[in-house]
Colleague: 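The structure follows.
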Amino acid sequence: MTRFLLAVATGTVALAVSGASLSATRAPTTDAARLQQSTPPGTEKLPVPETTQEAQANGDSVAAIVNDTVVTDYDLRQRVALYVATSGTHVTPNSLVQIKKQVLHQLETERLELLEAQKNSVTVSSSDVDKAIGNILKDNNLTQEQLNTMLSRNGVHMSTLRAQFASQIAWSKAVQQQYGDRIDVGAAEVDAEMQRLAQSKDKTHFYVAEIFQAVDNPEDDAKVKKSMDDLEVQLRSGAPFPAVARQFSQNPTAASGGDLGLVVEGQLPKELNNELTQMRPGMVSDPIKSTGGYYILYLRQRQEPANTKIADTSSKIDEHPSSMPLARILFPVGPKPPKDLVEKVMAFAGSMRTNIDNCERIPAIVKQVKGVVYSNLGTMHVADLSPEIQNALAKTESGETTLPFQDAAGIELIVRCDAKAAPKTTAFQMPSRDDVEEQLFEERLGVLSRQYLRDLRRNAEIQFPGQSLFARHRHDDADNDATQ
């Protein structure tokens with residue numbers, strides 16, 4: 001989930017890119033921490049955007065001005081560090097420049113959403129934010145303590161993460177407040193959709209996630225395409241799809257890691273459907289131009305037509321063979337390391353584990369971490385390994401990495417380099433009426449959300465230091481309508 005520069009001798013961990021830290025060392029005074037001082041019990045404190053005058057008074061440099069409120073350089077550094085920490089993206093000086101541009105654009109979008117939510121007196125509960133963070137922990141097999149350690153060691157304040165989720169949730173509530181009562185999914189519509197699904201039972205079904213970025217004006221097409229191309233590079237470099245979707249997707253599904261749910265063959269626009277039918281589970285598409293902008297699709301699971309006879313391959317897979325190809329990652333903490341050092345390195349090793357998806361990428365990951373030892377062990381007889389390694393491997397399956405464990409050599413991760421088992425093939429089963437009704441509602445709400453945000457962008461005034469003010473106005477030309 002993250003990359004660190006590890007100084008094992010002292011137990012310190014800090015994120016660095018080409019020697020330049022992405023994090024901030026001072027206490028936060030801007031969006032992530034300048035929170036509303038008076039909120040009802042159990043209500044999450046939403047960020048309070050600074051004005052230019054307030055930013056100057058606080059000594060904050062300005063990255064962008066959005067409708068007379070400031071996105072500071074500190075906000076930008078915090079969010080870049082958060083993205084790099086949570087995505088596991090391999091950062092180079094060139095990619096860092098592009099990531100900053102992407103993050104700044106997303107911060108501008110979030111600022112417009114936040115201002116609109118606050119204008120409509122939207123509040124967010126702390127439990128809503130806790131649930132969103134809980135989903136991240138579940139997706140990455142992390143504990144809250146491990147997440148806290150990763151963020152703090154990068155200089156990323158937990159308030160930055162909470163503020164991002166609070167803003168996203170606030171926008172979802174603002175859209176629901178604005179349009180929810182106008183969306184009426186009647187019983188007849190659910191019946192029609194259930195009938196359509198029944199008629200499509202002989203078609204392939206897909207569980208899909210998306211990243212979407214809008215093209216509001218034709219002149220923005222090349223810029224949005226470039227942004228999506230860069231996101232694709234980051235995804236193919238190992239960045240988890242849900243993390244990238246949460247940071248950069250502009251559809252409401254961003255809050256759930258881009259999850260679109262169940263899609264029937266032929267349901268999506270032709271250009272998206274054509275790509276989807278060619279994909280295998282686990283694949284990520286190239287950027288695809290479609291309704292309103294560009295999409296990147298991720299196929300989570302594929303369901304064959306109903307009544308398809310699924311071959312039982314479970315007996316053909318030996319998840320615990322007597323010998324297997326292995327790789328070793330060792331954190332040499334010394335024979336009697338202090339307890340706090342063990343805890344820190346164990347947390348770091350646990351976060352590194354979540355970013356290892358194949359043995360080919362391990363050298364590149366370890367290269368960025370000072371003091372860590374990597375060994376390609378080749379094919380090993382399990383019986384010849386230490387009891388600690390045997391116990392750790394007993395809890396793994398093909399292609400997986402053990403949980404971090406301590407032995408006489410230090411703290412270790414052992415990676416199984418045997419091929420992962422192919423995704424289990426399943427046949428389509430009809431969803432419930434409640435599931436269908438919810439999906440129909442979410443689809444309509446998504447269209448209205450894109451319209452809402454499009455109009456906010458077109459009327460926004462955004463200024464960058466040293467550049468002239470520009471305004472995005474409404475365009476009556478139907479060709480510019482991102483939702484038609």
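Atoms considered below: every heavy atom in the structure, side chains included; atoms not considered: hydrogens, waters and symmetry mates.
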Colleague: What's the shortest heavy-atom distance between R353 and P404, and which atoms?
Modeller: CD-CD, 4.3 Å
Colleague: Can you measure from CG (L297) to CG (N273) and round to the nearest 0.5 angstrom?
Modeller: 10.0 Å
Colleague: What are the two closest non-hydrogen atoms of V70 and D75, and how far apart are they?
Modeller: O-OD2, 4.2 Å
Colleague: At their closest point, which heavy atom of P332 faces which heavy atom of L330, and how far apart are they?
Modeller: CD-O, 3.3 Å
Colleague: Mind telling me whether F331 and F348 have parallel, tilted or perpendicular rings, with 30° and 60° as the class edges?
Modeller: perpendicular
Colleague: Under the rule for salt bridge (charged side-chain N to carboxylate O under 4.0 Å, His left out), what residues qualify as partners of K225, not counting sequence neighbours?
Modeller: D229
Colleague: Between atom CG of L413 and atom CG of L403, what is the distance when rounded to the nearest 0.5 Å?
Modeller: 8.5 Å
Colleague: Name the one of Y294, Y83, F241 that satisfies ring pair (Phe, Tyr, Trp, His ring centres under 6.0 Å) with F248?
Modeller: Y83
Colleague: What residues, two or more places apart in sequence or in another chain, satisfy side chain to side chain donor-acceptor pair (under 3.5 Å) together with E412?
Modeller: R328
Colleague: Are any of the side-chain heavy atoms of D259 and V208 separated by less than 4.5 Å?
Modeller: no
Colleague: Considering all heavy atoms of both residues, which atom of L112 and which atom of L456 are nearest to each other, and what is their separation?
Modeller: O-CD1, 4.1 Å
Colleague: Excluding sequence neighbours, so at least two apart, what forms side chain to side chain donor-acceptor pair (under 3.5 Å) with N274?
Modeller: none
Colleague: Restricting to salt bridge (charged side-chain N to carboxylate O under 4.0 Å, His left out), what partner residues turn up for E442, sequence neighbours left out?
Modeller: none
Colleague: Please tell me if the side chains of Q213 and M228 come closer than 4.5 Å, counting only heavy atoms from C-beta onward.
Modeller: yes
Colleague: Considering only heavy atoms from C-beta outward, does the side chain of I329 approach that of I362 to under 4.5 Å?
Modeller: yes
Colleague: Just checking, is any N or O donor in the side chain of E275 or S285 under 3.5 Å from an acceptor N or O on the other one?
Modeller: no
Colleague: Less than 3.5 Å apart, any donor N or O on the side chain of Q303 or T204 sitting next to an acceptor on the other?
Modeller: no
Colleague: In chain order, what residues pass the side-chain contact (heavy atoms from CB on, under 4.5 Å) check against M158, with sequence neighbours excluded?
Modeller: I133, Q144, L147, N148, L151, L161, R162
Colleague: Go through V382 and S322 one step at a time and tell me if the side chain to side chain contact (heavy atoms under 4.5 Å, CB included) criterion holds.
Modeller: CA-CA 6 Å; V382 176; S322 59; 5.8 Å; no
Colleague: Please tell me if the side chains of Q406 and P337 come closer than 4.5 Å, counting only heavy atoms from C-beta onward.
Modeller: yes
Colleague: In Å and rounded to the nearest 0.5 Å, what is the CD1 to OG1 distance from I462 to T109?
Modeller: 7.5 Å
Colleague: If we only count heavy atoms from C-beta on, is the Q164 to Q247 side-chain gap below 4.5 Å?
Modeller: yes
Colleague: Please identify each residue that fulfils side-chain contact (heavy atoms from CB on, under 4.5 Å) with D230, with sequence neighbours left out.
Modeller: Q98, Q102, K226, Q234
Colleague: Mind checking whether I211 and Y298 have side chains closer than 4.5 Å, heavy atoms only?
Modeller: no
Colleague: Assess, by modelled atom type and distance only, whether the side chains of D130 and S127 contain a donor and an acceptor separated by less than 3.5 Å.
Modeller: no
Colleague: Show the numbers, then the answer: is there a side chain to side chain contact (heavy atoms under 4.5 Å, CB included) between I365 and I356?
Modeller: CA-CA 8 Å; I365 294 173; I356 299 172; 4.1 Å; yes
Colleague: For F206, what residues pass the ring pair (Phe, Tyr, Trp, His ring centres under 6.0 Å) criterion, not counting sequence neighbours?
Modeller: none
Colleague: For a 4.5 angstrom cut-off between non-hydrogen side-chain atoms, does L393 reach L385?
Modeller: yes
Colleague: Report the residues that fulfil salt bridge (charged side-chain N to carboxylate O under 4.0 Å, His left out) with D128, sequence neighbours left out, ordered by chain and then residue number.
Modeller: K173
Colleague: Please enumerate all residues that pass salt bridge (charged side-chain N to carboxylate O under 4.0 Å, His left out) together with E113, with sequence neighbours excluded.
Modeller: none
Colleague: Kindly compute the distance separating CG (L262) from CD (Q301), expressed to the nearest 0.5 Å.
Modeller: 9.0 Å
Colleague: Could you list all the salt bridge (charged side-chain N to carboxylate O under 4.0 Å, His left out) pairs where at least one residue sits in residues 286-299, not counting sequence neighbours?
Modeller: D221-K289, R236-D286
Colleague: What heavy-atom pair brings P269 and S290 nearest, and what distance separates the two atoms?
Modeller: CB-OG, 3.5 Å
Colleague: Can you list the residues that meet the side-chain contact (heavy atoms from CB on, under 4.5 Å) rule with A64, with sequence neighbours excluded?
Modeller: V71, L104, E108, F464
Colleague: By side-chain contact (heavy atoms from CB on, under 4.5 Å), which residues pair with N251, not counting sequence neighbours?
Modeller: E210, F212, S249, T253, Y295, R450
Colleague: Please report the shortest heavy-atom distance between C417 and L326, naming the atom on each side.
Modeller: SG-C, 4.0 Å
Colleague: With the side chain counted from C-beta on, respond yes when H157 and Q78 share a heavy-atom pair under 4.5 Å apart, and no when they do not.
Modeller: yes
